[in-house]
Amino acid sequence: MSETSGKQQNTAAFYGQAVASFAVAMAATAIGIFKLNADAWVRAFLGIAVLYLVTSAFTLAKVIRDRQEAVDRSYHPFEKL
């Protein structure tokens with residue numbers, strides 16, 4: 001039997017596109033909130049809400065990844081025999 005790594009690596013282009021997309025989305029949201037015709041406390045509230053949403057999304061993505069990796073690497077004591 002041949003051993004192949006089941007873990008796929010993302011390409012540098014995919015990583016760069018994901019980072020650029022995130023940066024554009026954050027910049028557009030920040031500009032939109034800054035240009036919003038509302039009181040400062042409303043803009044501040046929206047800014048904090050966006051930051052909370054971003055941190056929650058990162059945490060959720062990490063939890064999902066960790067759970068998926070735990071299932072993928074479950075220990076089987078007799079699999080090398």
Side-chain angles (χ1 to χ4, degrees):
M1 281 190 214
S2 65
E3 288 188 34
T4 58
S5 175
K7 188 163 183 155
Q8 296 178 353
Q9 294 292 330
N10 294 326
T11 63
F14 181 75
Y15 179 78
Q17 187 259 341
V19 170
S21 176
F22 178 76
V24 168
M26 285 297 291
T29 304
I31 291 168
I33 290 173
F34 180 74
K35 296 282 188 175
L36 186 64
N37 189 14
D39 292 338
W41 72 268
V42 173
R43 291 193 309 262
F45 175 80
L46 291 174
I48 294 296
V50 167
L51 292 176
Y52 181 61
L53 180 62
V54 168
T55 58
S56 298
F58 277 117
T59 302
L60 178 62
K62 182 187 178 311
V63 167
I64 291 171
R65 182 202 63 202
D66 290 348
R67 180 176 285 180
Q68 186 177 15
E69 286 179 353
V71 169
D72 290 344
R73 67 172 174 234
S74 60
Y75 177 69
H76 301 288
F78 298 112
E79 71 181 3
K80 294 290 182 179
L81 293 177

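Numbers for residues simply follow the sequence, beginning at 1.
- Residues passing the side chain to side chain contact (heavy atoms under 4.5 Å, CB included) test with I33, sequence neighbours excluded: T29, R43, L46, V50.
- Hydrophobic clustering keeps L36 apart from L53 (ILVMFWY residues linked when any side-chain heavy atoms are closer than 4.5 Å, directly or through intermediates).
- A 6.0 Å sphere centred on CZ of R65 holds more than 12 heavy atoms belonging to other residues, nucleotides or ligands.
- Residue F58 is grouped with residue L51 when hydrophobic side chains (ILVMFWY) are merged at heavy-atom distances under 4.5 angstrom, including chains of intermediate members.
- For the atom pair I64 CD1 and T59 OG1, the distance stands at 11.0 Å (nearest 0.5 Å).
- Between the S21 side chain and the Q17 main chain, no donor and acceptor come within less than 3.5 Å of each other.
- Partners of K35 according to the salt bridge (charged side-chain N to carboxylate O under 4.0 Å, His left out) rule, which considers only residues two or more places apart in sequence or in another chain, do not exist here.
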